[in-house]
Amino acid sequence: MSSKTRPRQHLLVIGLITIGMIFTAFFGMRAFHALRKFNGHRPPPPGKVETDVELIRDWMTIPFISRTYQVPPDVIFETLKITPQKNHDKSLKVLNDEYFPDQDGYVLSLVKATVLAHQPQPNPDSASTEVPTLTAP
Amino acid sequence: MSEYLLTQVINFGAPLLGLILFLGALGLPIGASVVLIAAGAFSQQGILSWPSAALLGLIGALLGDMLSFGMGYYAKDWAQKKFGKSAAWRNARTSFQQRAGVTIFFTRWLVTAIAIPTNLIAGGSGYKFSRFMLYDVSGEIMWIVLYGGLGYLFGSQWELVSEFLSNFGGLILGLLLFGYGIRQAWNRKQKTKKVEA
């Protein structure tokens, strides 16, 4: 091995160890934080409809949101005053840019509010079975 | 980019997923792992049919890997001309041949950031194609089952899975670089001791 390559290899080894340590610390912290989030968010049990509207993103389409949250698509299109024709495959972001270019994030917030207001009622079985007492007039 | 692709996967389904995984396997930075986890979630929500998504996704990823292996294979002569006399290049080739199977398998699903260089080196170092495919198919199946399966399991909460897995891959890469660096330093120290003795 030549005397020139030795310092170069030494530098390479130091570089590898340093980059390795930086990567480990950076991604380790991020992975740990992501893992902690799991404890706060559990997926809905199978067969249950998603109810958390904060999971709605602006890349989603209205039929997709409608299916996930079980809210009729027409209701969402009506609230937005947009026709479903030619718009059913567009993301919320594209719809916002097209129909409400001056109001950033308007479509997303309106869709969230609409879904929240029109979510299907919870199963009557899970509701309180207590019968209200009738009083004579 | 990923967000635009997610919208299109909702609209066009499994064939587009296959195309995305193909382009991802060629090294295009389009967030193929993110799209795969999301596709698992879309399957759980009934947007995609999971058997066709898994099959077309696997075909796309394998075709991309084959093509990038081919690129390495056809660049072999050029690399040999340029670096052939270098001892470091020869050492790297020998070292790769010794651990190629494990490297190919784990870079498919655990340390995906170095999957493309692995394919190129495999092709360029004259690694046997049939062996490459054996480890490639096993690794890609693992990737699709694990990432797609977690997306399916977590449904609409798939973004948490994606965030964790992308950082976990970086963590493993960091540990590998650190471990390799320490090993090289140890080997150098042992060599110096021998020379001194």
Side-chain angles (χ1 to χ4, degrees), chain A residues 1-2 5-6 8-10 12-46 48-65 67-69 88-94, chain B residues 1-12 34 38 41-42 44-48 86-88 91 111 113 150-189 191-192 195:
Chain A
M1 193 186 293
S2 74
T5 54
R6 270 189 188 165
R8 207 189 283 173
Q9 280 198 347
H10 188 68
L12 189 73
V13 168
I14 291 173
L16 275 175
I17 294 173
T18 313
I19 293 170
M21 278 169 69
I22 293 170
F23 267 52
T24 305
F26 179 74
F27 289 108
M29 293 263 281
R30 285 173 62 104
F32 177 71
H33 280 295
L35 200 64
R36 278 179 65 185
K37 279 189 203 168
F38 274 109
N39 294 329
H41 298 81
R42 298 252 178 242
K48 290 264 179 179
V49 177
E50 180 57 62
T51 52
D52 185 359
V53 293
E54 290 312 312
L55 294 173
I56 297 176
R57 300 283 181 264
D58 62 4
W59 53 263
M60 295 176 176
T61 63
I62 289 176
F64 176 79
I65 295 166
R67 190 172 182 139
T68 308
Y69 291 88
H88 67 279
D89 58 351
K90 289 177 185 168
S91 69
L92 300 188
K93 190 182 181 316
V94 171
Chain B
M1 185 63 173
S2 286
E3 295 195 344
Y4 171 76
L5 291 176
L6 289 173
T7 310
Q8 300 319 317
V9 169
I10 292 171
N11 292 329
F12 296 102
V34 175
F42 297 163
Q44 191 244 33
Q45 291 163 332
I47 308 289
L48 295 180
S86 148
N91 284 345
V111 199
L150 281 171
Y152 190 94
L153 202 67
F154 278 80
S156 51
Q157 313 260 351
W158 65 269
E159 281 167 301
L160 287 178
V161 181
S162 173
E163 193 184 333
F164 174 72
L165 286 177
S166 59
N167 289 310
F168 187 68
L171 171 67
I172 297 292
L173 182 63
L175 288 172
L176 284 174
L177 289 174
F178 180 71
Y180 186 72
I182 293 287
R183 203 180 142 189
Q184 290 297 314
W186 175 259
N187 287 347
R188 279 171 59 85
K189 203 177 174 185
K191 264 186 191 172
T192 318
V195 170

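Residue numbers begin at 1 in each chain, while the letters A, B, ... track the order of the sequences. Computed from a predicted structure; not experimentally measured.
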Audit row: A:Trp59, B:Leu5, side chain to side chain contact (heavy atoms under 4.5 Å, CB included) steps and yes/no
CA-CA 9 Å; A:Trp59 53 263; B:Leu5 291 176; over 6 Å; no
Is it true that atom NZ of A:Lys90 has more than 12 heavy atoms of other residues, nucleotides or ligands lying nearer than 6.0 Å?
yes
With distance as the sole test, does B:Asn11 use its side chain to make a donor-acceptor pair with the main-chain N or O of A:Asp89 at under 3.5 Å?
yes
Any donor-acceptor N/O pair, B:Ser156 side chain to A:Glu50 backbone, under 3.5 Å
no
Quick one: pull up OH in B:Tyr180 and CD1 in A:Ile17 and give me the separation to the nearest 0.5 Å.
12.0 Å
Pairs of heavy atoms under 4.5 Å with chain B: top-ranked of A:Thr68, A:Ile19, A:Val94
A:Thr68
Can you say whether B:Ile182 sits under 4.5 Å from chain A via the side chain, the backbone, both, or neither, judging by heavy atoms?
both
Test of ring centre spacing under 6.0 Å for B:Phe178 and A:Phe23:
no
Please find the pair of heavy atoms, one from A:Ala31 and one from B:Phe164, that lie closest to each other, and give the distance.
O-CD1, 3.5 Å
Side chains of B:Thr7 and A:Met60, heavy atoms from C-beta outward: is any pair under 4.5 Å?
no
Atom of A:Phe27, atom of B:Leu171 and distance for their closest heavy-atom approach:
CB-N, 3.3 Å
May I ask you to say whether B:Glu159 pairs ionically with A:Arg57, meaning some side-chain N is under 4.0 Å from a carboxylate O?
yes
List the atom of A:Gly20, the atom of B:Leu177, and the distance in Å for their closest heavy-atom pair.
CA-CB, 3.8 Å
Of B:Gly46, B:Gly179, B:Ser166, the largest count of non-hydrogen pairs under 4.5 angstrom with chain A goes to B:Gly46
Tell me, for B:Gln8 versus chain A, whether the close heavy atoms (under 4.5 Å) come from the side chain, the backbone, both or neither.
neither
Contacting moiety of A:Arg30, where chain B heavy atoms sit under 4.5 Å
both
B:Gln184 side chain reached by A:Leu12 side chain, heavy atoms, under 4.5 Å
no
Decide, yes or no, whether a salt bridge links B:Glu163 with A:Lys37 under the criterion of side-chain N to carboxylate O below 4.0 Å.
yes
Under 4.5 Å to a heavy atom of chain B? For A:Ser91 that would be both
Parallel under 30°, tilted from 30 to 60°, perpendicular over 60°: which one fits the rings of A:Phe64 and B:Phe42?
perpendicular
When you compare the side chain of B:Gln45 with that of A:Arg67, does any pair of heavy atoms fall below 4.5 Å?
no
